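Here the structure is laid out as structure tokens; the discussion comes afterwards.
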Amino acid sequence: MSVFARRSWVEVSLGQISANFDALRELTGPGVEVMPVVKADAYRHGAVEVSRTLEGRGARWLAVSSVEEGAALRDAGIEARILVMADFLPGEREALIEYRLTPVIHSLDDVRAWDALASARQAAPAAYHLKIDSGMGRLGTRAGAGEIAETVRACTHARLEGLMTHFASAADYVGGQTEEQVRTFEEIRAGLAGLGIAPEFAHLSSSIPVAYARREAWGRMVRPGHAIYGYVSPTVRGAGPQRLLQVKPALSWKAAVLAVKNIPAGARVGYGGMFRAPAPMRIGVLAAGYADGIPHRLSNRGRVIAGGKPAAILGAVSMDLTTIDLTSAPHLKPGDAVTLLGEEGGVRIDAQQIARVAGTISYSVLCGISARVKRIYV
Ligand SMILES: *Cc1c(COP(=O)(O)O)cnc(C)c1O
């Protein structure tokens, strides 16, 4: 056993991740490949363990952001197809081939460069997916079908396996941007088909268009990330369809109590004296702060769960410490755990609630849990 006790840690339920994956497959049906997104260390759930679990459960594809993330999965023995979504730098092309990663390519120049490399390395057929910028205005080609077809046809070793796009406003049923993006994408897809080019996979959907049943955007493959970890935006803008997907968070986050004490009325707590005790009270100091990922914006306004009851964060969240009100959990002592995110005694705090209070998004709360927070699989 380690001499180091845990100061702050997350507990990840691999069983819940499997259940969420099953729910996604059940909803989308047998004709649709569910490709879990395990980028950013699987939204901090641990890319290797999550990928192993999903592969064991039957995932044939996984998606990452970078070549380095893909290579790490290969080094860990993952055999599923791995799609690298967030582009690569010219110096990384060799590694894509070496690690048997499938790139998403975002320009026709890069298609030509990929083909030239595959040809030089005799690595045929070198599959790639091409991303269409259908209106997100970030990565992706804005070329038309004719120009794309010409480039695809000129390739001798690179093989167009997938055509994809990404939505800017998937949860918006008012503005029409998603419908417009689907139209743009379908126009290009039909144009290519008319020219004899029909890649095996078309994919447009992350978690939200799956959960809210934009079936016209499912294609032959979907790319859920957040939903794999148990999160779906609880509402959409406008009169969207009923949410069809039921998933549950797989991660809970705890911190140890380092110290407890009683303070008199009028005592200040933490940097800037932001909190002043209105009456004598009992406080606890937690062994986690913003360096662990607790948003600084939770200072004097966030909550944790202590002894199964909500407990307010008092004063500023500091780098390594956070102070809480122990009025409703006076029995807690050093070494006891409190819940920063998760469920305890029937009280629940999830990443979406934290995000609302902190003025951010649930994705950022999860990805913000820092590397020094230990991970335990349950
Ligand atoms: C991150 C990402 C996803 C997954 O998005 P979620 O909202 O987490 O489901 C899908 N596609 C692309 C291109 C992404 O970058």
Side-chain angles (χ1 to χ4, degrees), residues 17 20-21 23-25 27-28 32-45 47 50-51 54 59 61-70 81-88 101-106 128-141 162-172 177-178 181-182 185 201-214 217-237 240 243-251 350-352 355 360-369:
I17 285 176
N20 294 341
F21 177 51
L24 281 153
R25 282 191 299 188
L27 174 60
T28 52
V32 180
E33 193 73 40
V34 175
M35 172 169 64
V37 176
V38 295
K39 64 189 178 189
D41 202 16
Y43 297 44
R44 297 297 300 144
H45 293 61
V50 167
S51 297
L54 291 167
W61 285 83
L62 297 165
V64 297
S65 281
S66 66
V67 175
E68 197 170 350
E69 288 179 350
R81 294 286 303 275
I82 298 176
L83 188 70
V84 177
M85 297 194 299
D87 215 352
F88 49 86
L101 308 175
T102 305
V104 173
I105 295 187
H106 300 89
Y128 67 97
H129 292 208
L130 181 67
K131 185 163 184 180
I132 306 298
D133 178 3
S134 60
M136 173 82 162
R138 208 175 54 176
L139 286 170
T141 179
L163 197 66
M164 68 179 279
T165 196
H166 194 49
F167 296 134
S169 310
D172 185 347
Q177 190 181 9
T178 305
Q181 285 194 259
V182 171
F185 182 81
F201 295 107
H203 48 108
L204 310 85
S205 294
S206 57
S207 296
I208 290 173
V210 174
Y212 288 94
R214 282 192 195 268
W218 287 358
R220 276 269 288 111
M221 179 179 254
V222 294
R223 312 183 300 263
H226 220 24
I228 289 285
Y229 310 104
Y231 287 94
V232 174
S233 173
T235 55
V236 293
R237 185 161 173 255
R243 171 176 156 188
L244 292 184
L245 181 71
Q246 296 310 327
V247 288
K248 284 197 203 129
L251 176 148
D350 67 23
Q352 282 157 341
T360 181
I361 57 175
S362 51
Y363 294 71
S364 168
V365 170
L366 292 175
C367 291
I369 300 173

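Just so you know, residue 1 is the first one in the sequence shown, and it goes up from there. All values reported here derive from a predicted model rather than from experimental measurement. Whatever order the structure lists them in is the order used to number ligands and atoms, beginning at 1.
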* Asked: What pairs with E69 under salt bridge (charged side-chain N to carboxylate O under 4.0 Å, His left out), at least two apart in sequence or on another chain?
  ->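 Here no residue qualifies.
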* Asked: Once the angle between the rings of H129 and W61 is folded into 0 to 90°, is it parallel (under 30°), tilted (30 to 60°) or perpendicular (over 60°)?
  ->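 Judged by the thresholds at 30° and 60°, the geometry between H129 and W61 is tilted.
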* To do: Evaluate the ring planes of Y43 and Y363, with Trp represented by its six-membered ring, and classify them as parallel (under 30°), tilted (30 to 60°) or perpendicular (over 60°).
  =>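 Aromatic pair Y43/Y363 classed tilted.
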* Cation-pi check, R214 onto Y212 ring (under 6.0 Å, within 45° of axis) ->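 No; the conditions do not both hold, so R214 does not lie above the ring face of Y212.
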* To do: Could you please provide the protein residues found below 4.0 Å of ligand 1 on a heavy-atom basis, arranged by chain and number?
  =>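 For ligand 1, the contacting residues are V37, K39, Y43, M85, H166, S206, S207, R223, P224, G225, H226, Y363.
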* Asked: If only atom types and distance count, is the side chain of Q246 paired as donor or acceptor with the main-chain N or O of A23 below 3.5 Å?
  ->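 No; judged by distance alone, with no hydrogens or angles, the pair does not exist.
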* To do: Spell out, as yes or no, whether a donor-acceptor pair under 3.5 Å connects the side chain of S205 to the backbone of A217.
  =>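 At least one qualifying donor-acceptor pair exists.
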